[in-house]
Amino acid sequence: MRAVDDSRPKYAAIMRVLMTWKQLPESDVSRMLHSYFLTTDDFREMEDQGYITMAFSGDEYLITPTLLGRLWLEQYETGEASNGI
């Protein structure tokens, strides 16, 4: 049996924070979600999938959710709700 790393709960947590705040610096997202060990690579993976955009400002990235990210979160939460029934 092999272990599979499921990033969806981590992505969903990031997207929920971004849905509340609209745009945050990378360090703020990491601080708010201290239960996850978040690195810049985690955010880059999400950007590669189209869920967020990262824009360098000052000394760190500003992270903003995309429409695709919002839709993904909605679908993820709907799937989680239907799995619980």
Side-chain angles (χ1 to χ4, degrees):
M1 180 180 230
R2 122 191 132 134
V4 177
D5 183 24
D6 185 7
S7 297
R8 291 177 302 161
K10 178 172 40 177
Y11 289 177
I14 292 168
M15 291 305 299
R16 285 184 197 109
V17 167
L18 292 173
M19 297 309 296
T20 301
W21 292 94
K22 307 299 182 219
Q23 181 180 48
L24 285 169
E26 178 182 355
S27 62
D28 287 354
V29 176
S30 296
R31 196 173 2 243
M32 289 177 180
L33 298 172
H34 58 84
S35 60
Y36 295 100
F37 180 73
L38 297 172
T39 64
T40 301
D41 286 341
D42 294 319
F43 297 110
R44 285 188 181 134
E45 285 176 17
M46 290 183 72
E47 184 178 42
D48 289 345
Q49 293 181 24
Y51 300 155
I52 62 171
T53 59
M54 296 171 62
F56 203 74
S57 177
D59 62 348
E60 65 183 318
Y61 288 102
L62 284 177
I63 300 172
T64 308
T66 63
L67 178 58
L68 179 61
R70 291 182 186 117
L71 293 171
W72 176 86
L73 179 63
E74 184 178 316
Q75 182 180 17
Y76 175 80
E77 290 179 337
T78 302
E80 288 293 304
S82 66
N83 288 340
I85 297 175

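Heavy atoms only: backbone and side chains are in, while hydrogens, waters and symmetry mates are out.
More than 12 heavy atoms of other residues, nucleotides or ligands sit less than 6.0 Å from atom CD of Q23.
For residues 26-45, no pair satisfies ring-ring contact (aromatic ring centres under 6.0 Å, His included), with sequence neighbours left out. Residue pairs satisfying the ring-ring contact (aromatic ring centres under 6.0 Å, His included) criterion with at least one member in residues 44-63, sequence neighbours excluded, are listed as follows: Y51-W72, F56-Y61.
For the pair L33/K10, no side-chain contact is recorded, criterion being any heavy-atom separation below 4.5 Å from C-beta on. Side-chain contact between W21 and M32 is present, with heavy atoms from C-beta onward closer than 4.5 Å.
The residue from T66, I52, L73 that alone fulfils the side chain to side chain contact (heavy atoms under 4.5 Å, CB included) condition with L18 is I52.
Scanning all heavy atoms of the two residues, the minimum distance from G50 to L68 falls at O-CB, 3.6 Å. Nearest heavy-atom pair, E60 versus E26, reported as atom, atom and distance to 0.1 Å: OE1-N, 3.7 Å. Contact between E47 and M54 at its shortest, heavy atoms only, is OE2-N, 3.1 Å.
Interatomic distance, D28 CG to R31 CZ, rounded to the nearest 0.5 Å: 5.0 Å. Atom-to-atom distance recorded for S27:OG and I63:CD1 is 9.0 Å, nearest 0.5 angstrom.
Grouping Ile, Leu, Val, Met, Phe, Trp and Tyr by side-chain contacts under 4.5 Å, direct or through others, leaves L62 on its own.
Under the 4.5 Å side-chain heavy-atom criterion for Ile, Leu, Val, Met, Phe, Trp and Tyr, Y76 and L71 are members of distinct hydrophobic clusters.
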